[in-house]
Amino acid sequence: MNKDDFPILQETIYGKPLVYLDNAATTQKPAQVLEAITYAYTHFNANIHRGVHHLSQIATKAHEDARAKVAEWLHADNPNCIIFTKGTTDSLNMLAFSFGEAHIYEGDEIIIGMQEHHSNIVPWQMLCERKKAKLRVVPLREDLSLDIEAYKQLFNSHTRLVSIAHVSNVLGIVNPIDEIIAFAHQNHVPVCIDAAQSAPHMPLDVQALDCDFLALSAHKAYGPTGLGILYGKEELLKELPPAEGGGEMIEHVSFEKTTFNTLPYKFEAGTPNYIGSYAFAKAIEYLEAIGMKRIYAYETELTRYAEQQLSQIPGVHIYAKGLPKQGVISFNVGNIHPYDVGMLLDKQGIAVRTGHHCAEPLINYLKIPGTVRLSLALYNTKEDIDRFIAALRKAITILT
């Protein structure tokens with residue numbers, strides 16, 4: 001885990017070395033990924049699946065090899081279960097439309113959590129409005145963890161799907177996904193996991209989890225922007241209708257009727273991001289060379305260290321303090337607006353995120369304007385945390 005692998009981390013901000021602690025928003029890219037993008041564009045840029053010429057054949061193989069690499073990384077049993085999308089948001093929107101068309105009717109219910117990102121709220125709201133269904137929300141305990149007993153009480157004969165975040169992008173809490181999935185399956189209800197904040201930080205095994213669907217973004221896992229993954233169990237994906245129409249997703253088209261392609265292409269209308277998929281495969285290879293278990297252990301300790309150091313600053317309130325977290329800590333300082341804290345940290349070369357973090361219902365529940373959020377990656381160090389703490393103390397002195 002070497003900072004030198006990430007060219008942007010050599011940048012200076014206002015004359016100070018960059019400390020990048022906004023990784024929940026997007027991660028920086030190792031040189032291997034940046035080089036892969038350039039290599040693909042300069043050596044085999046050609047539209048895939050449709051060309052008989054040499055460049056198209058190479059690009060097609062690179063794209064499908066990337067699909068196989070993602071399947072291997074997630075321990076999916078079949079690359080055809082891996083759908084390339086534009087990101088987690090696109091994956092969840094696609095699933096909401098397709099699953100909704102096939103399985104949701106008036107009076108049906110979908111369960112989500114109080115901690116969710118907007119991308120795991122709004123698509124389901126839109127579906128419920130369209131189908132006259134109902135969205136049920138798992139409340140939080142006093143410590144801000146999901147109330148699992150209340151979750152279980154939400155189930156009834158109308159429950160059709162659970163969609164829940166593996167790791168909260170605001171609180172950093174690792175939700176008890178195994179228990180959530182097991183109970184849903186006892187009630188014959190499928191589960192979708194929003195893994196945007198877990199995929200970069202811990203090993204994922206979709207077969208061991210037994211999740212029915214899973215969504216993630218490449219750009220949060222050291223890959224390029226504009227690429228995401230929707231995993232689904234093969235038997236479930238086969239029965240869902242496509243969410244978009246166009247080229248590639250068809251078998252035959254006439255003005256009277258269209259028949260659809262097989263998996264995974266049924267869900268991949270138009271020219272896919274084949275440059276992005278090739279680069280993301282390189283990001284996964286980078287992660288695998290380090291080892292996801294090693295990354296998980298390192299970042300768990302780094303998160304614990306950051307929370308310990310923050311706890312020593314008077315006036316700092318850490319949300320979900322003491323709960324198991326993975327790479328994300330949100331806090332506020334007294335009555336100081338989080339935006340002001342973020343601005344003064346930025347002037348000292350420290351990049352954090354402030355605001356509601358696309359989780360406005362949670363922030364409203366907490367009755368605050370937002371939080372300051374630091375989020376960690378494999379290239380962060382205790383020295384980064386120490387610089388952040390020193391900068392925060394200076395910012396507090398200025399603001400009080």
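Hydrogens, waters and symmetry mates are skipped; everything else that's a heavy atom, side chains included, is used. Along the sequence shown, the residues carry numbers beginning at 1.
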Assess the residue pair Tyr20 and Asp384 against the criterion (side chain to side chain contact (heavy atoms under 4.5 Å, CB included)); give the C-alpha distance rounded to whole Å, side-chain angles, the decisive distance to 0.1 Å, and a yes or no. CA-CA 8 Å; Tyr20 185 79; Asp384 289 341; over 6 Å; no
Carefully, step by step, assess Tyr298 and Ile295 under the rule side chain to side chain contact (heavy atoms under 4.5 Å, CB included). CA-CA 5 Å; Tyr298 175 76; Ile295 291 168; 5.8 Å; no
Please evaluate residues Tyr274 and Asn45 with respect to the criterion side chain to side chain contact (heavy atoms under 4.5 Å, CB included), reporting the C-alpha separation (whole Å), side-chain torsions for both, the decisive distance (0.1 Å), and the verdict. CA-CA 9 Å; Tyr274 55 87; Asn45 180 38; 2.6 Å; yes
Is there a donor-acceptor pair under 3.5 Å between the side chain of Thr42 and the backbone N or O of Tyr39? yes
Begin with the C-alpha distance, continue with both residues' side-chain angles, and end with the deciding distance and a verdict on salt bridge (Lys or Arg N to Asp or Glu O under 4.0 Å) for Glu268 and Arg67. CA-CA 13 Å; Glu268 295 181 353; Arg67 194 190 307 276; 2.8 Å; yes
Check whether the side chains of Lys347 and Tyr14 place a donor and an acceptor atom closer than 3.5 Å, and report yes or no. yes
How about His118 and His356: are their ring centroids closer than 6.0 Å? yes
From the list Asn175, Asn120, Asn169, side-chain hydrogen bond (donor to acceptor under 3.5 Å, both in side chains) partner of Gln115 resolves to Asn175
Can a donor-acceptor pair be found, under 3.5 Å and without considering hydrogens, that links the side chain of Ser375 to the backbone of Ala24? yes
Let me confirm one number: the CD1-CG distance from Ile82 to Leu263, rounded to the nearest 0.5 Å. 11.0 Å
Lys282 side chain to Glu35 backbone, donor-acceptor under 3.5 Å: no
Show your working on salt bridge (Lys or Arg N to Asp or Glu O under 4.0 Å) between Asp143 and Lys321 and close with a plain yes or no. CA-CA 8 Å; Asp143 64 0; Lys321 181 180 178 181; over 6 Å; no
Value rounded to 0.5 Å, distance of CD1 in Ile336 from OG1 in Thr400: 5.5 Å
Backbone N/O of His49 and side chain of Thr60: donor-acceptor pair under 3.5 Å: yes
Glu179 side chain reached by Lys152 side chain, heavy atoms, under 4.5 Å: yes
Does the side chain of Pro272 come within less than 4.5 Å of Phe84's, by heavy atoms? no
Glu116 side-chain N/O to Ala165 backbone N/O, donor-acceptor pair under 3.5 Å: yes
Would you please classify the geometry between the Phe6 ring and the Tyr286 ring as parallel, tilted or perpendicular, with 30° and 60° separating the classes? perpendicular
Would the distance check show the side chain of Arg387 and the main-chain N or O of Pro17 forming a donor-acceptor pair, the cut-off being under 3.5 Å? yes
Carefully, step by step, assess Ile389 and Leu310 under the rule side chain to side chain contact (heavy atoms under 4.5 Å, CB included). CA-CA 7 Å; Ile389 293 295; Leu310 265 175; 4.2 Å; yes
Would you check if there is a donor-acceptor pair between the side chains of His201 and Gln326 at a distance under 3.5 Å? no
For Glu234, the side chain to side chain donor-acceptor pair (under 3.5 Å) test, sequence neighbours excluded, returns Asn78
Are the side chain of Ser145 and the backbone of Arg141 linked by a donor-acceptor contact shorter than 3.5 Å? no
Quick check: do Val333 and Val316 have side-chain heavy atoms less than 4.5 Å from each other? yes
Assigning hydrophobic clusters by single linkage (Ile, Leu, Val, Met, Phe, Trp, Tyr; side-chain heavy-atom cutoff under 4.5 Å), is Leu362 placed with Ile111? yes
Is a donor from one side chain sitting under 3.5 angstrom from an acceptor on the other, for Asp194 and His117? no
Hydrogens and angles aside, do His103 and Glu239 bring a side-chain donor and acceptor to less than 3.5 Å of each other? yes
My understanding is that only residues two or more places apart in sequence, or in another chain, count here; which of them pass salt bridge (charged side-chain N to carboxylate O under 4.0 Å, His left out) with Arg304? Glu301
